[in-house]
Amino acid sequence: MTLRTLDSLGDLAGRTVLIRCDFNVPLADGRIADEGRIVASLPTLRALLEQGAKVVAMSHLGRPKGEPDPQYSLAPVAERLGELLGAELAFAADTVGEDAHRVRIALEDGQLALLENLRFDPRETSKDATERATFAAELAAGADAFVSDGFGVVHREQASVFEIAQALPSAAGLLVQRELEVLSRLTESPERPYAVVLGGSKVSDKLGVIEHLLPRVDRLLIGGGMLFTFLAAKGLGVASSLLEQDQVERVRGYIADAEQRGVELLLPTDVVVAERFDADAEHETVAADAIESSRFGGSGIGLDIGPDTAAAFAEAIRGSRTVFWNGPMGVFEMDAFAAGTKAVAHALTETDGLAVVGGGDSAAAVRQLGFDDDAFGHISTGGGASLEFLEGSRLPGLEVLGW
Ligand code: ADP
Ligand code: MG
């Protein structure tokens, strides 16, 4: 089966088209900290609007608890999206209520509306498929077609991703199509050496990925929060750093597996340890096997890879022909702990081969650290989705589009 693309929907002039975007942008003090995901959604929106469709966009933002919560309103996104498109945009204060109805019936050909955060309704992410289907049917009412363009959510079985694609004629948008084209180059005969660099904070989520990646990669580089579970698996003390004690045994298995398969597993040899989790905290670099003997003793927290590690990682990355990177190497949001992430990002820009960055925070990090999007082969808008794709998992939001 092949992915259904926009042309499969026929002429959309005058039609009402629902589009699932991923406008889940990082916010800082109510402002958009990185608009990458909004920018990435523009080509499909423009294509639909230029065809003369009435376009109703929808997205989630953050993790509200199934009820309206002003801090997760999509209003700032609506404003920025209108500016970027240079067009008037109607914003509905709900998703399937009176305001959404009002906004939808007022739409003219070639006009765009954005609905409020989908996750203000508990049915969007309900575990009960019937509840999700009911919500999807309410969203679909009055629409002629559905376009799935939120790559960051295609691994989710959620109403606006999965059930809705069954309720209407549906197709992938240009962003989803492009993401798949690039990521497929990583799964179908990647040029070797093939390196995967993992970091970030969602330790247990990402540890699972390693099992699936080990048979595919030549090099695996581990930084970020998960590095401490690796150090612990090697019997080293990590003081008060992020540690998933219940995963240590499993990680020990990965280390053995990597060795057996001849996969080069690069673990940090030095770490930046801080007195506390704070931008101004006292800190020092220590060897990875001496974290507990930093001057902060048992209360020290590892917040970045050290300079020796950064140099070794950079060299391994530059010497690879295909590199996929997900997860910052340290707490890059704080200047004192951004060097490792910066070194890795820089090395990715220097590889001759294909360098792909995946993940919301990783993408935000490269931009925040001053790198140009074009310096990378591809910056994926999906973190979990791109990892699950690389693992070879089934992605419900793609299967439902014929993938
Ligand atoms: P992505 O969104 O790219 O998939 P994650 O959400 O998994 O990445 O992780 C990003 C977060 O990881 C950043 O906010 C960063 O501060 C945090 N992080 C990185 N290293 C550490 C560490 N050693 N301890 C705690 N948090 C860390
Ligand atoms: Mg993240």
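Note that ligands are numbered from 1 as they come in the structure, with each ligand's atoms numbered from 1 the same way.
A salt bridge between Arg123 and Glu138 is present, with a side-chain N of the basic residue lying under 4.0 Å from a carboxylate O of the acidic one. Using a cutoff of 4.0 Å between basic side-chain nitrogens and carboxylate oxygens, Arg185 and Glu191 are not scored as salt-bridged.
What sits closest to atom 23 (N) of ligand 1 on the protein, heavy atoms only, is Gly302 O, 3.1 Å. Nearest protein heavy-atom neighbour of atom 6 (O) of ligand 1: Asp361 OD2, 3.0 Å. Nearest non-hydrogen protein atom to atom 27 (C) of ligand 1 is Val331 CG2, 3.6 Å. Of the protein's heavy atoms, Gly330 O, 3.2 Å lies nearest to atom 19 (C) of ligand 1.
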Worked verdict on Gln158 versus Thr125 for side-chain hydrogen bond (donor to acceptor under 3.5 Å, both in side chains): CA-CA 5 Å; Gln158 295 175 346; Thr125 57; 5.4 Å; no
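Judged by distance alone, the side chain of Asp149 and the main-chain N or O of Arg20 form no donor-acceptor pair under 3.5 Å.
Taking the six-membered ring where tryptophan is involved, the planes of Phe337 and His283 are perpendicular, since the angle between them exceeds 60° and thus also 30°. Relative orientation of the Phe376 and Phe371 rings is perpendicular, given thresholds of 30° and 60° on the angle between their planes.
Of the candidates Lys202, Met329, Glu333, Met334, the one placing a heavy atom closest to atom 16 (O) of ligand 1 is Glu333. Considering Gly224, Ser201, Gly199, Ala274 only, the shortest heavy-atom separation from atom 11 (C) of ligand 1 involves Ser201.
The closest approach between Phe228 and ligand 1 falls below 4.0 Å for a heavy atom of the residue. At least one heavy atom of Lys206 sits less than 4.0 Å from an atom of ligand 1.
Listed by number with element, the atoms of ligand 1 under 4.0 Å from a non-hydrogen atom of Ser362 are 1 (P), 3 (O). When each atom of ligand 1 is checked for a heavy atom of Gly225 under 4.0 Å away, the hits are 20 (N), 21 (C), 22 (C), 23 (N).
Of all non-hydrogen atoms in Leu267 and Lys234, the two that sit nearest each other are CD1-CD, 3.5 Å.
Polar contact check, Gly383 against ligand 1: no nitrogen or oxygen pair lies under 3.5 Å apart.
Counting only heavy atoms from C-beta outward, the side chains of Leu114 and Leu74 approach each other to under 4.5 Å. Using a 4.5 Å heavy-atom cutoff, the side chains of Thr16 and Leu107 are not in contact.
No other N/O/S atom of Asp361 lies as close to the Mg ion (ligand 2) as OD2 does.
When heavy-atom distances to ligand 1 are checked against a 4.0 Å cut-off, Asn326 comes that close only through its side chain, counted from C-beta outward.
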